Number of protein chains: 2
Amino acid sequence: MPDAVSRPTLEAVAARAGVSRATVSRVVNGGSGVREPLAERVRRAVEELGYVPNQAARSLVTKRHDAVAVVIAEPETRVFTDPFFALQLRGISKELTAHDNQLVLLLTEGRDDHTRVARYLAGGHVDGALVFSLHLDDPLPRLIHDAGVPTVFGGRPGWRDGTGPAVYVDCDNRGGARTAVRHLAALGRTRIAHLTGALDQTSAVDRLDGYRDVMAETPGGADPALVVESDFTPAGGEGAMRELLARRPDVDAVFAANDLSALGALRVLRERGLRVPQDVAVVGFDDMLPLAEQSDPPLTTVRQDIERMGRLMARLLLDGAATRPAARGAAARAGADGGDGGRPDAPPSGVILPTTLIRRASA
Amino acid sequence: MPDAVSRPTLEAVAARAGVSRATVSRVVNGGSGVREPLAERVRRAVEELGYVPNQAARSLVTKRHDAVAVVIAEPETRVFTDPFFALQLRGISKELTAHDNQLVLLLTEGRDDHTRVARYLAGGHVDGALVFSLHLDDPLPRLIHDAGVPTVFGGRPGWRDGTGPAVYVDCDNRGGARTAVRHLAALGRTRIAHLTGALDQTSAVDRLDGYRDVMAETPGGADPALVVESDFTPAGGEGAMRELLARRPDVDAVFAANDLSALGALRVLRERGLRVPQDVAVVGFDDMLPLAEQSDPPLTTVRQDIERMGRLMARLLLDGAATRPAARGAAARAGADGGDGGRPDAPPSGVILPTTLIRRASA
DNA sequence: TTGAAAGCGCTAACAG
DNA sequence: CTGTTAGCGCTTTCAA
């Protein structure tokens, strides 16, 4: 790749405006404390030369980057085809942009990439990290922790080593699952099955727990045969649904761990000639639009505001909630950034967003 | 946001190893020209201190960043919910990673963000840019051009100002469209309609041209009523399909500009009780999986290898194909990066990837 | 081979 | 208010 064209430096601007570098720097960084005529001369020089500050030089001295890394662990190949990440990224991007921060996307395709990511984070490119899609045995959180970068996690982290409390944003997976199953029960269904998500992720575990909470207090009680392990994908949902029908042909309701797998289940049901919701009622999770709305039949599901989760993660990071015990003193900056945050509350270690049941035709 | 914890510097490593900074630098950057015992001492010191080079400092002197920006213009809100970008990003990410480059994602939510992006690019954060989703009237390419950063475009750029030839990667939109329409004609369909994409994008225009190419040589000739303008979205496809049925209830085939809009069309067809393909044959474009495969009926479509396009874009950039006339001399680096590129061919200004017709049930 | 020294472009005291 | 002066942490001549 060719070197970028050499651009004018502060020095050049200073020379052109007939002032010192310091003065130019002041003008460029907000201009306070510089008399107007001078400032104007500087601005003109900046304009004429097309000067743009060199960020590397700036970061070197300020130790700030106005950039945040988003780390998406991608053990399978499932990341970007899942609209979930897309939405979260949108939220993050919006919030970051509003605070003049850049989003640096770090995708990890496998174990090999973990060290690369850790190196990047430790390399002082970014002021913080937003980390997603963690699996229980993931070595990434440790590496990231060691990189010494403030971090907010997307989804409750599931590790149990001594990495200490992590700041994270999640939705009320357990509560949402309860709502879904209760809805099914209220419909008079008695043989309510659950197609789980990938059980190495806490979201799947929590939803399963929620399902069990309700089933335990149900007349029939919990039947293990009604729980089929799956993996959040449409294909997984199909497979699990087939397995379920083999085990319990009399099933009359299905709570799928997410909309994608619910869609898979719907397909199998249709192909078997089972009517939804008459024969089998189906509830999903996520309210992934437009999928959930346009499925056949439209999917009743538990909505979580994914984009908002993303925004919140970014805000927590910028507000300094992710500060590790050692280093303090950032709330001021977040406030000065013109944001709406900056309240020096005690940093929460986990923020749980509510869920709502969206009733459509499938249950 | 809190400052990152202070990390050890080259200086510290040098002190610990009892050598000069220069020696440490040499070891860290490949170690050639340093006698083994010394090098070993340095490596141990690096290890013990957990030293990671500060990239800002490094870039300041090398003027290289090993980072590439991906710019996605998002005039509408349609970017991340479209699997298209996801796939392209995957390809880009893979290629970049293989060459130890970082991907920096720049999302623009609207006009305001354009200057921000231009500033970022000019700010010397990245060695090059990959730019997408351009619309005909987009001011972004000009801004990016002025930022003086080597750039590869995704999709044939459509502007006509004097910005000079651009390097881009695209699929054979026109040829693919021809194939699709010929297939429909070969099926004996005579009233073949086209639901266009957003016509401010060259891909939509090219596909429309391909459709017209074939229709022109068809017995009936081209009937303008059979062309309905749409926008690449499922909702747009629905609307266009309704409009089409209003105009020409006798339509017996539809070529949709992409799979997403084809899905919309399919839905309207089903709702009107028209059978696909018996009454109306439908062909899409993209072969967006798993959507195209799992639609009802499965969609016959024109496949383009989107992920490969992404990979190719990244490779072209890294190989220095995007060098602007002024600055030369990067092929060596790309080769030394351990890549498979680096052949000093004349830089192509456009690379067109082939398309294939994938026959499924819808036509 | 190794080290000393000179910056890369910028900000941030500190004087004036 | 403005300029002068140190560096930020690193690479890279240039000598030794």
Side-chain angles (χ1 to χ4, degrees), chain A residues 3-43 45-46 49-67 119 122-125 127 148 333, chain B residues 3-43 45-46 49-67 119 122-125 127 148 333:
Chain A
D3 295 337
V5 136
S6 91
R7 318 197 106 271
T9 70
L10 244 206
E11 184 82 53
V13 178
R16 173 141 196 144
V19 299
S20 74
R21 270 151 54 215
T23 300
V24 178
S25 177
R26 285 178 192 118
V27 173
V28 169
N29 295 294
S32 92
V34 178
R35 229 182 291 264
E36 193 39 50
L38 248 203
E40 186 46 36
R41 271 226 309 282
V42 171
R43 270 186 236 106
V46 164
L49 264 34
Y51 169 77
V52 178
N54 177 323
Q55 295 299 333
R58 198 202 286 257
S59 301
L60 188 54
V61 32
T62 61
K63 272 128 169 36
R64 279 186 21 231
H65 309 83
D66 296 320
R119 212 176 344 116
H125 285 274
D127 301 315
R333 241 203 85 224
Chain B
D3 294 338
V5 135
S6 89
R7 316 198 105 270
T9 69
L10 246 205
E11 184 83 51
V13 178
R16 175 146 195 137
V19 299
S20 73
R21 274 151 48 212
T23 300
V24 177
S25 175
R26 284 176 193 120
V27 172
V28 168
N29 295 294
S32 92
V34 178
R35 233 182 287 261
E36 194 39 50
L38 247 201
E40 185 47 36
R41 273 227 310 281
V42 172
R43 271 186 234 107
V46 165
L49 264 34
Y51 169 75
V52 177
N54 177 322
Q55 295 300 332
R58 197 203 285 258
S59 300
L60 188 52
V61 32
T62 62
K63 273 129 168 34
R64 276 185 25 230
H65 308 84
D66 296 320
R119 212 175 345 116
H125 285 273
D127 300 315
R333 241 203 85 225

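In what follows, chains carry the letters A, B, and so on, assigned in the order in which the sequence lines appear, proteins first and then strands, with residues in each chain numbered from 1. The model shown is predicted, which means the values in this text are computed figures rather than measured ones. Both backbone and side-chain heavy atoms feed into the values below; hydrogens, waters and symmetry mates do not.
In this model, no side-chain donor or acceptor of A:Arg7 finds a partner on the base of C:dG9 within 3.5 Å.
The interatomic distance linking A:His65 (NE2) with D:dC8 (P) rounds to 15 Å, in whole Å. The nearest whole Å value for the distance from the CD atom in B:Glu11 to the P atom in C:dG3 is 13 Å. In this structure, the CG atom of A:Asn54 is 16 Å from the P atom of D:dG9, given to the nearest Å. For A:Arg58 and C:dC10, the CZ to C1' distance is 8 Å, given to the nearest whole Å. Rounded to whole Å, atom P of C:dC8 lies 20 Å from atom CD of B:Gln55. Atoms NE2 (A:His125) and P (D:dC8) sit 20 Å apart, rounded to a whole Å. In this structure, the OH atom of B:Tyr51 is 10 Å from the P atom of D:dG9, given to the nearest Å. Atom-to-atom, CZ of A:Arg64 to P of C:dT11 comes out at 11 Å; the value is rounded to the nearest Å.
Place B:Arg26 and B:Pro53 on DNA chain D by their nearest nucleotides, and B:Pro53 ends up nearer the 5' end. Between A:Leu60 and B:Arg21, the one whose closest nucleotide on DNA chain C sits nearer the 5' end is B:Arg21.
Here the closest non-hydrogen pair linking A:Val34 and A:Arg26 is CG2-CB, 3.7 Å. Between B:Val27 and B:Arg43, the shortest heavy-atom distance links the atoms CG1-CG, 4.1 Å.
Taking every side-chain heavy atom of B:Val34 into account, C:dT2 is the closest of C:dT2, C:dT11, D:dT2. When distances are taken from the side chain of A:Ala22 to each of D:dT11, C:dC10, D:dT4, the shortest belongs to D:dT4. The nucleotide whose nearest atom lies closest to any side-chain atom of B:Ser25 is, among D:dT11, C:dG9, C:dA12, D:dT11.
No donor-acceptor pair under 3.5 Å is formed between the side chain of A:His65 and the backbone N or O of A:Ser59.
The side chain of B:Ser20 contributes an N or O atom lying less than 4.0 Å from OP1 or OP2 of C:dG3. In this structure, B:Thr23 reaches the C:dG3 phosphate: one of its side-chain N or O atoms is under 4.0 Å from OP1 or OP2. A close approach under 4.0 Å does occur between a side-chain nitrogen or oxygen of B:Asn29 and OP1 or OP2 of D:dT11. For the pair B:Arg35 and C:dT1, the criterion of a side-chain N or O lying under 4.0 Å from OP1 or OP2 is not met. Within the 4.0 Å cut-off from OP1 or OP2 of D:dG9, at least one side-chain nitrogen or oxygen of A:Lys63 is found.
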Go through it in stages, so that I can follow the logic: the residues are B:Val24 and B:Val19, the test is side chain to side chain contact (heavy atoms under 4.5 Å, CB included), and I'd like the CA-CA distance, side-chain angles, deciding distance and then a yes or no. CA-CA 7 Å; B:Val24 177; B:Val19 299; 3.6 Å; yes

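Contact annotation: the side chain of B:Asn29 approaches that of B:Arg58 to within less than 4.5 Å [non-hydrogen atoms, C-beta and beyond].
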